[in-house]
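What follows is a set of notes on a single structure, which appears directly below.
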Amino acid sequence: MIKKVLEGLIDVVFPPSCIGCGAFMHESGFGFCPRCVAQIACISSPVCSCCGLPVAGNSGGDHLCGECLREPPSFGKARSLGRYEKALLEAIHRFKYGGDIAIGEILGNWMAAYPYPDFEPKGHSLIIPVPLHLRRLREREFNQSAILAKALSRRFSIPLDAMALKRRVHTEPQVALGKGDREANVRGAFELAAPERVKGERIILVDDVYTTGSTVKECARILMGGKAAAVSVLTLARAV
Ligand SMILES: [Zn+2]
Ligand SMILES: [Zn+2]
């Protein structure tokens with residue numbers, strides 16, 4: 001799995017320090033030092049065929065998880081590269097909170113090279129990052145999801161529209177909230193700049209982390225409300 005990703009990254013230039021632990025690397029690797037690479041828990045089958053949650057067992061293939069059976073989300077499929085822990089979590093924090101955009105570009109390239117289970121980015125017509133509210137954008141000075149989305153857009157030659165979806169409400173950070181509160185927190189938080197920008201499009205919605213899925217579910221609901229043909233979700237990491 002890792003080997004496949006690395007092959008896809010062969011043409012990208014990497015800095016000499018590890019984006020996970022910061023250690024100096026004698027040989028320019030693929031962003032992560034070998035120790036950190038070994039820590040990344042990539043997500044592969046069996047997963048929930050809808051939300052991509054890793055499911056137990058290795059005999060039966062992909063199947064729907066209980067939550068997707070009970071409440072089918074507005075997106076068709078969600079997939080993530082790896083578990084939100086250890087080196088991948090460290091790298092995301094260095095990128096997002098440390099403001100190191102170069103790390104985001106490397107992580108975006110990993111995302112673009114990853115062979116997701118039963119998911120093909122080709123065939124989509126538009127890439128949309130989960131937007132930040134203007135206030136958060138001013139604080140952070142960049143939208144981490146847009147930087148990841150840019151790498152995907154480049155790799156697959158799919159147009160990127162970072163303005164089609166807008167966050168109209170400044171919501172509390174989701175980090176401290178439980179699942180029910182997260183859903184309430186994001187309900188009504190997003191709107192379309194103009195429905196014709198998404199109408200008929202097969203969209204990949206991009207975010208950095210899938211936690212309970214409440215943010216991407218709400219975004220997908222709004223995009224489908226604007227008559228998008230389909231919405232898939234890609235995130236770098238998944239909390240499981
Ligand atoms: Zn490292
Ligand atoms: Zn599921």
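Note that ligands are numbered from 1 as they come in the structure, with each ligand's atoms numbered from 1 the same way. Keep in mind the model is a prediction, meaning the values are calculated, not measured.
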Check: Trp110 ring centroid to Phe30 ring centroid under 6.0 Å
no
Work out the angle at the Zn ion (ligand 1) between SG of Cys21 and SG of Cys36, rounded to 10°.
110°
Over 60° means perpendicular and under 30° means parallel, so tell me whether His124 and Phe119 are parallel, tilted or perpendicular.
tilted
Salt bridge or not for Lys199 and Glu196, using N-O below 4.0 Å?
no
Lys217 bridged to Glu67 by N-O distance under 4.0 Å:
yes
Return the set of protein N, O or S atoms whose distance to the Zn ion (ligand 2) is under 2.8 Å, each given as residue and atom.
Cys48 SG, Cys51 SG, Cys65 SG, Cys68 SG
Hey, would you say the Phe190 and His133 ring centroids sit under 6.0 Å apart?
no
Tightest non-hydrogen contact, residues Arg154 and Asn109, listed as NH2-OD1, 3.9 Å
